[in-house]
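Please read the structure below before turning to the comments.
Along the sequence shown, residues carry numbers from 1. These numbers come from the heavy atoms of this one structure, side chains and all, not from hydrogens, waters or symmetry mates.
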Amino acid sequence: MLTISFLAGALRVAGTLAAVGAPLVPPPQPPTLTVTEHLSIVGTAEKAAEVPGSVQILGPAELERQNYTDIHRVLAVVPGVYVQEEDGLGLRPNIGMRATGVERSSKITLLEDGVLIAPAPYTAPAAYYFPSTGRLESVEVRKGSAAIQQGPFTTGGAINLITASVPGRLGLALHGSAGEYGSQVLHARAGDTRSRMGWLLQSYHQESSGFKQLDGGGNTGTAIGDLLGKLRFDSTSGAPWQQSLELKLGRSRQRGRETYLGLTGDDFAQTPFRRYAGSAADGIRADHDLRQARWVLRPRSRFDLVFAAYDHDFFRDWFKNESTLGVSNAAILESPDRYSQHLAILRGEVDSDPSALTVRHNRRSYASRGVQTLLTWSLGSAGTEHDLEIGARLHKDDEDRFQHEDGYQMHGGRPLLDRQGAPGSQSNRLSTAKAFALFFQDTIRTGRLTVTPGIRRESIDYRRDDFSTADPKRDLGPQRRRDNAVEVWIPGVGATWELRPKQRLFLGIHRGFSPPGAGQNPDTREERSLNFELGHRWVGSRLRSELVAFWNDYDNLLGVETVSGGGATTGDLHNGGAVHARGIEASLRIDLGDASGGLAGPLRLSYTFTEAIFQSSFATDFEDWGPAVHRGDRLPYLPAHRLAIDGGISTRHFGVSGVLAYTDAMRTRSGSGPLVPALATDAHWTFDLALEERPLERLRLFVQVRNAFDEVYLAARRPYGARPGMPRTVLVGFDLDF
């Protein structure tokens with residue numbers, strides 16, 4: 001545990017180390033080829049400028065300056081990306097792009113170092129696991145036709161989370177911070193490259209006692225431990241075939257006192273950071289193990305082969321207060337007058353009969369493994385150049401649900417366990433997906449025109465086995481087996497036209513696709529859309545801007561039934577029919593500083609406008625849409641406007657920076673006309689301020705204030721009831737790099 005006293009001691013040690021911190025050995029000559037350049041889905045800055053779609057990169061300098069542990073805050077400055085806060089800390093992110101929906105980031109492609117990282121990307125993509133934001137080196141976001149190389153979700157885009165790379169010389173980096181609500185972070189990283197071998201070891205610890213106050217007292221925080229190791233072997237610089245092999249191992253453990261239980265509207269207005277006594281037994285255990293290998297081969301100039309293998313396991317058991325006296329907590333908090341007795345029990349105001357409170361053990365295990373390869377080949381003649389990319393992925397993942405429910409009695413303002421459910425008695429099923437993906441893309445350059453046609457094929461076989469809830473060992477075999485398969489071709493084409501050396505117009509048309517998941521009803525269709533975008537990009541030495549207009553024409557939008565969305569735990573999908581989504585994304589990055597004088601002045605502005613409208617009327621059981629959708633209704637949890645300004649000014653010894661972000665009010669259920677306060681979130685501004693000082697070359701001291709104006713706002717009305725954003729939080733810390 002990192003304490004204030006430890007932090008003070010660490011600062012003294014850091015000062016001593018930094019004062020003598022010359023490199024221990026001269027940096028070795030870098031190898032001709034390394035794995036690092038093949039972890040990106042964007043490529044070099046030059047290639048990124050030619051991409052016929054929206055591209056945003058948050059590099060190491062920006063992530064260090066922001067010092068965020070919440071991916072929601074990191075992505076606030078990226079246009080076209082929407083988030084829905086849940087716990088105020090970003091532990092289980094809800095991220096969407098271009099009207100895909102945000103629920104558990106299940107409609108976008110999530111990658112770590114270019115490899116799928118969701119627990120089960122095809123079977124159960126909901127991101128109950130997400131890499132620790134505080135240990136990332138950079139973040140890449142690709143949208144539109146630029147994202148069909150990744151898949152399987154191609155409607156909105158892809159987010160690639162890049163971890164620390166193996167350093168080129170011996171080095172050690174330490175980061176520590178502590179602050180309000182028991183907030184503590186300790187991050188250590190060491191590595192070296194000698195001759196043809198490099199290594200990296202990284203340890204990350206994050207802890208908080210929580211900013212919500214539990215009735216009767218108690219911890220509402222979370223602790224995360226994260227370990228990562230890399231080992232890399234490179235061929236000699238004079239070898240006829242350049243090669244690089246990197247092995248990567250990771251382990252993450254999370255223990256939290258988080259809950260799905262929110263507040264009624266009236267209680268939120270009076271005490272927004274309250275937690276009802278009925279949630280005292282709630283908590284989560286989550287364990288993630290990662291194994292990856294990547295081999296890069298360059299048998300000849302302008303020709304690369306990349307092979308990657310991955311094996312990920314994830315286990316989580318979330319204890320959640322699900323219902324009271326047989327009524328779902330979502331219904332109770334939505335209609336408190338109707339369920340006044342139930343609410344009194346949740347608040348701990350009255351004692352209850354035995355087992356009045358039902359706490360569900362949402363115990364699930366996930367596995368995701370596969371191999372993927374990418375061939376890139378650059379060739380050309382007579383004024384025309386081609387960059388060919390051919391990729392394939394063979395993948396298998398599964399989700400094992402083995403859940404039960406316990407009964408609790410409210411007594412003396414505390415829930416007491418009085419009945420233990422039998423393992424597997426609430427849900428006992430296994431879902432599996434086997435997928436083969438193939439894509440081809442050719443970037444053709446001739447004069448000032450670049451055209452990029454491409455096509456992706458996804459072939460997926462699903463199986464879902466439902467076992468008896470009275471057969472925990474599954475000796476009797478499945479009671480019901482459901483198989484479904486999907487084969488789809490996903491074409492796309494993009495083009496850029498160089499107006500001037502620094503300016504390009506780009507456009508793209510591509511097919512959007514989201515797979516339907518395992519064991520769905522026969523009438524459930526995969527999500528498909530036809531997507532268009534038109535944009536302008538300016539790339540200069542100190543200025544970069546993008547302006548993009550997009551139009552997504554959904555043939556069928558899918559809604560996912562989950563507990564985190566305030567619905568059932570089935571995972572069923574619901575057809576939403578035709579939806580039209582349109583919007584504008586604008587971004588500007590500029591450095592207002594003077595490099596010759598040691599003055600830096602980075603400034604980033606972003607703005608997003610989005611509108612998504614149902615094109616038909618229908619009845620539905622899906623909580624976010626229901627009970628009825630009318631043509632012209634707007635999609636929920638989609639802000640019309642988002643704005644962010646991220647900037648600062650720094651010298652060699654001192655710096656000040658801030659992030660000002662605005663999110664418009666959002667509907668929490670489909671509808672049209674003026675927003676109804678009881679069915680909407682709050683429009684809100686947040687301002688994060690940071691001050692830093694560098695008393696020594698290799699030592700940075702900082703003070704950060706998150707939500708500096710202490711804005712109190714209703715961020716969401718799901719899973720169950722009203723939920724607040726994080727209140728003002730002050731942190732102090734240091735960075736040491738030598």
Side-chain angles (χ1 to χ4, degrees), residues 1-19 21 60-74 76 88-91 132-136 172-189 202-212 219-226 273 600 646-661 686-711 725-738:
M1 176 182 294
L2 176 64
T3 61
I4 294 293
S5 60
F6 174 82
L7 180 59
L11 289 173
R12 289 194 294 271
V13 174
T16 303
L17 292 172
E62 289 172 287
L63 296 188
E64 180 186 77
R65 178 166 49 84
Q66 294 174 340
N67 191 41
Y68 285 143
T69 57
D70 181 348
I71 192 65
H72 289 157
R73 279 180 140 78
V74 171
L89 303 172
L91 298 175
S132 299
T133 302
R135 66 169 174 81
L136 298 178
L172 170 67
L174 295 174
H175 166 89
S177 66
E180 292 183 280
Y181 309 111
S183 302
Q184 303 172 9
V185 172
L186 182 59
H187 183 195
R189 186 175 72 250
Q202 181 174 258
S203 173
Y204 180 83
H205 176 81
Q206 178 183 340
E207 187 173 330
S208 168
S209 59
F211 61 82
K212 296 179 183 177
N219 192 317
T220 62
T222 298
I224 299 173
D226 200 314
F273 304 114
D646 176 11
I649 187 169
S650 64
T651 66
R652 291 186 178 93
H653 301 289
F654 180 79
V656 58
S657 62
V659 179
L660 180 66
T686 59
F687 178 59
D688 298 341
L689 177 67
L691 302 174
E692 65 176 59
E693 184 180 2
R694 295 184 180 270
L696 300 169
E697 181 182 357
R698 302 177 185 278
L699 176 64
R700 181 176 78 111
L701 307 178
F702 61 84
V703 177
Q704 293 188 317
V705 187
R706 310 253 170 91
N707 191 6
F709 298 146
D710 203 17
E711 179 86 358
M726 174 185 276
R728 181 172 53 216
T729 305
V730 180
L731 302 167
V732 297
F734 72 93
D735 283 313
L736 170 66
D737 189 355
F738 72 96

For residues 727-738, which residue pairs qualify under side chain to side chain donor-acceptor pair (under 3.5 Å), counting only residues two or more places apart or in two chains? His175-Asp735, Arg700-Asp735

Qualifying residues under side-chain hydrogen bond (donor to acceptor under 3.5 Å, both in side chains), relative to Asp70, sequence neighbours excluded: none

Tell me every residue that passes side chain to side chain contact (heavy atoms under 4.5 Å, CB included) with Thr220, counting only those two or more places apart in sequence or in another chain. Lys212, Leu214, Arg275

Residues passing the side-chain hydrogen bond (donor to acceptor under 3.5 Å, both in side chains) test with Arg65, sequence neighbours excluded, are Asp646

From CA spacing to verdict: side chain to side chain contact (heavy atoms under 4.5 Å, CB included), Met726, Leu89: CA-CA 7 Å; Met726 174 185 276; Leu89 303 172; 3.1 Å; yes

Residue pairs passing the side chain to side chain donor-acceptor pair (under 3.5 Å) test with at least one member in residues 650-659, sequence neighbours excluded, are none

Taking only residues two or more places apart in sequence, or in another chain, which ones meet Tyr181 in a side-chain hydrogen bond (donor to acceptor under 3.5 Å, both in side chains)? none

Quiz question: by atom type and distance under 3.5 Å, do the side chains of Asn67 and Gln704 form a donor-acceptor pair? yes

With sequence neighbours excluded, tell me which residues meet ring pair (Phe, Tyr, Trp, His ring centres under 6.0 Å) with Phe709. Phe687

Hey, mind stepping through Ser208 and Thr222 against side chain to side chain contact (heavy atoms under 4.5 Å, CB included) and telling me if it holds? CA-CA 5 Å; Ser208 168; Thr222 298; 5.7 Å; no

Distance from Phe211 atom CZ to Asn707 atom CG, nearest 0.5 Å? 10.0 Å

Begin from the C-alpha positions of Val656 and Leu689 and carry the test side chain to side chain contact (heavy atoms under 4.5 Å, CB included) through to its verdict. CA-CA 8 Å; Val656 58; Leu689 177 67; 4.1 Å; yes

Evaluate Arg694 against Glu692 for side chain to side chain contact (heavy atoms under 4.5 Å, CB included), listing each step before the verdict. CA-CA 7 Å; Arg694 295 184 180 270; Glu692 65 176 59; 3.8 Å; yes

With sequence neighbours excluded, tell me which residues meet salt bridge (Lys or Arg N to Asp or Glu O under 4.0 Å) with Arg135. Glu112, Asp226

Hits for side-chain hydrogen bond (donor to acceptor under 3.5 Å, both in side chains) against His72, two or more places apart or cross-chain, chain-then-number order -> none

What closest approach, in Å, do Val185 and Thr69 show between heavy atoms, and which atom pair accounts for it? CG2-CG2, 4.1 Å

How would you list, by chain and number, every residue that makes a salt bridge (Lys or Arg N to Asp or Glu O under 4.0 Å) with Glu180, sequence neighbours excluded? none

Value rounded to 0.5 Å, distance of CD in Glu207 from CG in Leu186: 11.0 Å

Between the side chains of Gln202 and Tyr204, does any donor sit under 3.5 Å from an acceptor? no

Atom pair CG/CD1 of Leu91 and Ile71 - distance to nearest 0.5 Å: 12.5 Å

Would a 4.5 Å heavy-atom cut-off, applied to side chains only, mark Leu63 and Val74 as touching? yes

How many angstroms lie between NE2 in His187 and CG in Leu174, if you round to the nearest 0.5 Å? 9.5 Å

Quick one: pull up CZ in Phe734 and CZ in Phe702 and give me the separation to the nearest 0.5 Å. 8.5 Å

Please check this pair: side chain of Ser132 against backbone of Gly134, looking for a donor-acceptor N/O pair closer than 3.5 Å. no

